[in-house]
Amino acid sequence: MTTLSPIIEALREANAIAVLTGAGVSKESGIPTFRDAMQGLWAKYDPAELATPEAFARDPEKVTRWYDERRLRCSAARPNPGHRALADLQTWCEERGTSFTLITQNIDRFHQAAGSRDVIELHGTIWVWRCTDCGDEQEERGGPFERYPPRCACGGFRRPAVVWFGEMLPEAALRRAFEAAETCDLFLSIGTSGLVTPAADLIHIAHQHGAKTVEINTEPTPATALTDWALHAPASNILPELVHAMD
Ligand code: BJW
Ligand code: ZN
């Protein structure tokens with residue numbers, strides 16, 4: 001396993017840093033990763049079969065109950081030291097005039113709660129629910145819904161404003177993410193399995209454009225082979241160590 005010192009040096013020397021995060025970053029906040037999410041009553045389902053427009057059309061009650069359970073779990077959870085270290089890294093970059101872009105696939109908004117600014121959300125957020133008839137969006141921070149699916153004032157069903165399989169990612173977010181991957185000189189991929197595109201393409205794009213790449217994950221991933229440095233450890237341990245060693 002790589003030691004921290006070459007990565008610290010690369011962070012210090014970079015002019016533009018881009019970071020992509022996935023579910024592993026929120027794991028130590030008590031949020032199961034996407035592939036761990038099927039617990040209790042949900043154990044018999046495949047997450048890829050609930051996170052689709054087809055599943056919602058077939059059984060909107062089941063799909064919205066699953067998402068609401070996850071929303072309430074996020075309500076009870078807090079950002080962890082890994083999220084806070086990334087917010088500190090952004091501040092460190094701003095003070096030195098280094099460009100910093102945080103791109104996340106997570107829908108929990110823990111990066112923002114930890115103090116990160118201008119986060120690019122590729123897969124939307126579980127806190128906003130959109131009417132499938134009139135498009136009205138509402139932030140939902142309260143307790144469980146009264147009925148499933150929740151209804152809009154117009155009578156339409158509300159769904160979480162997340163991106164399901166087969167749906168397009170928000171255009172502006174995706175454009176900014178590609179631009180950051182193309183122009184950075186250091187790309188960090190943290191806590192993501194690298195199985196879901198187009199997010200999984202970003203590290204390859206950064207690599208093709210000459211950026212150095214770092215992976216932080218408890219397990220190797222398909223992207224490990226192309227990374228310059230791989231740290232196989234929990235993000236909530238390694239990120240504070242890495243960022244605080246830079247002071
Ligand atoms: C730790 C740790 C610790 C643990 N510290 N690490 C064939 C047919 C149809 C479509 C496709 C197809 N082939 C490809 C596609 C495209 C499809 C896709 O990629 N499918 C693959 C599964 C094959 N992508 C899409 O459909 C996207 N849209 C799109 O491409 O539009 C154009 C298009 C349309 C139609 C056809 C073709 C193209 C949309 C993707 C949307 C993904 N949405 C989800 C659900 C969001 C809402 C929700 O949460 O329910 O986003 S899926 C899910 O995966 C979620 C995540 O953001 C995303 C990524 O997961 P992530 O974050 O990597 O988590 P995990 O759980 O996979 O991994 C956790 C990692 O953490 C692991 O590596 C652990 O080791 C590690 N870890 N603890 C550090 N403590
Ligand atoms: Zn409506």
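Indexing begins at 1, ligand by ligand and atom by atom, following the structure's order. Fair warning: this is a prediction, and the values are worked out from it, not measured in the lab.
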Asker: List every atom of ligand 1 that sits less than 4.0 Å from any heavy atom of E167, numbering the atoms from 1 in the order shown and giving each element.
Answerer: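 So the answer, numbered in order with elements, is 27 (C), 28 (N), 29 (C), 31 (O), 39 (C).
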Asker: Quick test of your reading of the structure: of L169, T197, D108, V163, whose heavy atom lies closest to atom 19 (O) of ligand 1?
Answerer: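 Ranked by closest heavy atom to atom 19 (O) of ligand 1, first place is T197.
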Asker: Report the nearest protein non-hydrogen atom to atom 60 (O) of ligand 1: residue, atom name, distance rounded to 0.1 Å.
Answerer: R35 NH2, 3.7 Å
Asker: For H111 and H83, take the angle between the two ring planes, folded into 0 to 90°, and tell me which bin it lands in: parallel under 30, tilted 30 to 60, perpendicular over 60.
Answerer: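 Geometry flag for H83 against H111: perpendicular rings.
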Asker: For atom 32 (C) of ligand 1, which candidate among E215, M168, E219, H123 holds the nearest heavy atom?
Answerer: M168
Asker: What is the closest protein heavy atom to atom 4 (C) of ligand 1, and at what distance does it sit?
Answerer: T218 OG1, 3.5 Å
Asker: Show the atoms of ligand 1 that are less than 4.0 angstrom away from any heavy atom in V162.
Answerer: 47 (C)
Asker: Is there a nitrogen or oxygen of A235 sitting under 3.5 Å from a nitrogen or oxygen of ligand 1?
Answerer: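 Yes; at least one N/O pair falls below 3.5 Å.
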Asker: Are any of the protein's heavy atoms under 4.0 angstrom from atom 2 (C) of ligand 1, yes or no?
Answerer: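 It does; a protein heavy atom is within 4.0 Å.
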Asker: Would R71 count as a cation-pi partner of F145, with NZ or CZ less than 6.0 Å from the six-membered ring centre and within 45° of the ring normal?
Answerer: yes
Asker: Is there a nitrogen or oxygen of S193 sitting under 3.5 Å from a nitrogen or oxygen of ligand 1?
Answerer: yes
Asker: For the residue pair Q90 / E95, report whether a side-chain donor-acceptor contact shorter than 3.5 Å exists.
Answerer: no
Asker: Looking at G191, which atoms of ligand 1 are within less than 4.0 Å of one of its heavy atoms?
Answerer: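 Answer, ordered by atom number: 6 (N), 69 (C), 70 (C), 71 (O), 79 (C).
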